[in-house]
Amino acid sequence: MKKYLVFILMLIPFSSWAQSITGTVVDSDGQSIAFANVALCQSKDSTIIAGCTSDENGKFYFTTESTEGMYLRISFVGYKTKLVELGVSPLRVTLESIMLNEVTVVARRKLYEQKNGEMIANVKGTILETFPKTADVIAQLPFVSSQNGVFTVFGKVTPVVYINNRLVKDLKELDQLMPSEIKKIKVNTMPGEKYDATVGAVIQIITEKVQGEGLSWTLYAGSKRSERWSAEEFASLNYRHKVWDVFGSAYLIQKHQQIKMKANQQLSVADAVHEVGYDEKEKVKSNRIAAVGGINYNPNEKISAGVQYVFNHSTWKNDMLNNISHVVNNEMEEEQQLALSNKPDHTHNINAYFSGDLGSGLSLDFNFDWLKGNESDNMYSWFPNDASEDVNTVSNRQYGYYASKGILTYANKYVNIEGGGEYSYTDMTQTYDIDNTTLGINNSNDVTKQNRWALFVSAKSQFGNWGFGAGIRYEDIDFDYYKNNDSRYAQLTIQYNFNATRSKYKGDSSSDEKQRL
């Protein structure tokens, strides 16, 4: 009995570390708001450290180790974001709707719904299609947060983004897609077996078939200032004729930064006190040019195919001046350190895709990607008063990649079955050269190659408000590494992964949009 008592007493302090945060999100009329984002932040303007969404009754719940100085950031499309300092649970948070021109129009429309383990946002015909950019729409979705143009899903890694069934490799591509062209967006926090283990979440944008024919274009220009001016320009051109759609676009991004930093360090030893001061000034300039061209074939809503080419070229330059002061027993020495960095890179990418309904409940999705690129990093650092510490380094990375993925789907009103496979090959060469070998750093010339393929199958079924799913994935990875072009360092790794998942959820939950204009 004493042993059990001691064990229970040992658990008490550990269990007290976690504190529960509960509450309800409602509007000004007291109606619950489903799928509102509830984020936990360390301060009013800090990044998100945890989060969840309210359920269909507007309730939310999660745990945290400490509530001191913590804030909840609650947001939902059509309402003002609210910050609430954590206190005694449960909380009742009232969101204020966004009102314009003192005119109120109330419209009810299914804005969000949850089905087959996915959160689905209906964009067409809702307030979401009035946003200026597609990135702004994604930032409003349940489970999703955005900071500095990077999306994250609560409790997950950065999600991969698809437009229809084509993987988006550059998020700037979202600027080419207007919210009015989007039918719906799916957020999948349990991607399943058709994605590898590194994919923690998927955002899939489903577009509508564009109507009309002829020539259209889009122009955009913007700038911002933070110590120095930065600019961004974008232009696109599109020609549509019957089932064919030819498009091209280009954008230029120029960023300028000026960084100033001062720091002091003090170290006390037996016979002296050392003080080191740094006064650093940096100027950063980056330019990025991208061009996109391609053609789509859309004979009807059931079949879509196309190919596109993307070229990217960017440069990054950094000039740094660092004044270093060293004081020992009130005697000061001063020196300067200067550094120049230059990082040019360019990539070529070709993507082809097919998505079609084959009839009798069958559909096929196929993608192919080819990528080739080169990146360099050149750095020169020197001390005007001591040439022995001058360092000049040059690193270069050349890489090639191609991949294909096919998914065959059978669906009826009872079951959804997906099966398919994917293959990818990566070839990369990295070199590093340094002119000051006295630092103990050696030159290198390394090569890595990887073959990866996978097979997968999964099934989902829904009965009323309950859904069930299961699946399995098999992966084979063949990896070779050559150090300084010496095959004796080649390493072969074969990995077999069997992943089985089962999920249970309530489906077809929805929220009504109250839109006040």
Side-chain angles (χ1 to χ4, degrees), residues 148-150 170-172 222-233 250-265 274-291 311-327 332-348 371-400 428-448 483-485:
N148 297 324
V150 178
D170 186 350
L171 292 181
K172 292 301 298 180
S223 64
K224 61 181 180 180
R225 179 175 175 81
S226 176
E227 291 289 339
R228 302 182 67 188
W229 284 101
S230 298
E232 181 176 348
E233 295 87 26
Y251 55 85
L252 170 65
I253 302 174
Q254 297 175 308
K255 292 185 178 180
H256 298 263
Q257 291 179 291
Q258 186 167 306
I259 303 172
K260 298 179 181 179
M261 183 190 72
K262 290 185 178 182
N264 290 280
Q265 293 179 332
H274 296 258
E275 294 185 10
V276 181
Y278 302 92
D279 186 0
E280 183 177 309
K281 297 179 181 179
E282 291 186 61
K283 292 182 179 180
V284 181
K285 180 180 179 181
S286 64
N287 293 317
R288 182 181 179 191
I289 300 174
F311 170 76
N312 271 295
H313 176 71
S314 63
T315 58
W316 185 92
K317 295 183 178 180
N318 176 288
D319 297 341
M320 186 269 288
L321 170 63
N322 191 6
N323 293 307
I324 305 172
S325 61
H326 185 198
V327 180
M332 184 170 65
E333 296 180 358
E334 292 183 324
E335 63 178 345
Q336 282 188 333
Q337 179 189 13
L338 296 94
L340 300 176
S341 298
N342 182 23
K343 299 180 181 180
D345 70 79
H346 67 269
T347 60
H348 303 269
L371 179 73
K372 188 174 182 62
N374 182 288
E375 298 178 359
S376 297
D377 188 348
N378 309 308
M379 192 273 289
Y380 179 47
S381 174
W382 74 98
F383 293 85
N385 299 326
D386 189 358
S388 64
E389 297 188 31
D390 292 0
V391 177
N392 187 16
T393 64
V394 178
S395 62
N396 188 66
R397 186 165 74 108
Q398 295 180 334
Y399 53 90
M428 182 171 62
T429 301
Q430 291 180 291
T431 61
Y432 181 82
D433 297 302
I434 182 171
D435 64 350
N436 192 341
T437 57
T438 61
L439 298 177
I441 303 175
N442 298 322
N443 297 334
S444 63
N445 186 352
D446 303 332
V447 177
T448 58
K483 185 177 182 179
N484 293 325
N485 281 328

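Gly277 approaches Asn264 most closely through the heavy-atom pair CA-OD1, 3.6 Å. Residue Tyr399 comes nearest to Asn374 through the heavy atom pair CE2-N, 4.0 Å, listed as atom of the first residue, atom of the second, then distance. For the residue pair Asp446 and Lys483, the shortest heavy atom distance occurs at OD1-CA, 3.5 Å. When every heavy atom of Asp435 is checked against every heavy atom of Asn392, the shortest pair comes out as OD1-N, 2.9 Å. What you find for Trp316 and Val284 is that their closest heavy atoms are NE1-CG1, 3.4 Å.
Applying the side chain to side chain contact (heavy atoms under 4.5 Å, CB included) test to Asp390 and every residue at least two apart in sequence or in another chain returns Tyr380, Trp382, Ala387. Taking the side chain to side chain contact (heavy atoms under 4.5 Å, CB included) definition, one finds that Met261 meets it with Glu280, sequence neighbours left out. Under the side chain to side chain donor-acceptor pair (under 3.5 Å) criterion, His348 pairs with Tyr309, sequence neighbours left out. In this structure Ser381 satisfies the side chain to side chain donor-acceptor pair (under 3.5 Å) test together with Gln337, sequence neighbours excluded. Contacts of His313 classified as side chain to side chain donor-acceptor pair (under 3.5 Å), with partners at least two apart in sequence or in another chain: none. Here Glu275 pairs with nothing under the salt bridge (charged side-chain N to carboxylate O under 4.0 Å, His left out) rule; sequence neighbours left out. Under the rule for a side chain to side chain donor-acceptor pair (under 3.5 Å), the partners of Gln336 that lie at least two apart in sequence or sit in another chain are Asn323. Among residues two or more places apart in sequence or in another chain, the side chain to side chain contact (heavy atoms under 4.5 Å, CB included) test is passed with Lys372 by Trp370. Asn443 pairs by the side chain to side chain contact (heavy atoms under 4.5 Å, CB included) definition with Asp433, Ile434, not counting sequence neighbours.
To the nearest 0.5 Å, the span separating CD on Gln398 from OG1 on Thr429 amounts to 6.5 Å. Here the CG atom belonging to Leu371 is positioned 9.5 Å from the CG atom belonging to Asn312, to the nearest 0.5 angstrom. In this structure, the separation between CZ on Arg288 and OG1 on Thr315 is 11.5 Å, given to the nearest 0.5 Å. Distance check: Lys281 NZ to Lys262 NZ gives 8.0 Å after rounding to the nearest 0.5 Å. Note that the CG atom of Leu338 and the CZ atom of Phe383 stand 9.0 Å from one another [nearest 0.5 Å]. Taking CE from Met379 and OG1 from Thr393, the interatomic distance works out to 4.0 Å, rounded to the nearest 0.5 Å.
For the pair Trp229 and Gln254, the minimum side-chain heavy-atom distance is 4.5 Å or more. Taking the side chain as every heavy atom from C-beta outward, His326 and Ile324 never approach each other to under 4.5 Å. With a 4.5 Å cut-off on side-chain heavy atoms, Asp319 and Leu340 count as touching.
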Practice prompt. May I have the step-by-step check of side-chain contact (heavy atoms from CB on, under 4.5 Å) for His346 and Phe311, ending in yes or no?
Written response: CA-CA 7 Å; His346 67 269; Phe311 170 76; 4.3 Å; yes
(request) Evaluate the side-chain contact (heavy atoms from CB on, under 4.5 Å) criterion for residues Asp279 and Leu321: first the C-alpha distance (whole Å), next the side-chain angles of each, then the deciding distance (0.1 Å), finally the verdict. (result) CA-CA 8 Å; Asp279 186 0; Leu321 170 63; over 6 Å; no
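The closest donor-acceptor contact from the side chain of Ser230 to the backbone of His256 lies under 3.5 Å.
Within the structure, salt bridge (charged side-chain N to carboxylate O under 4.0 Å, His left out) contacts touching residues 336-346 (residues at least two apart or in different chains) are Lys343-Asp377.
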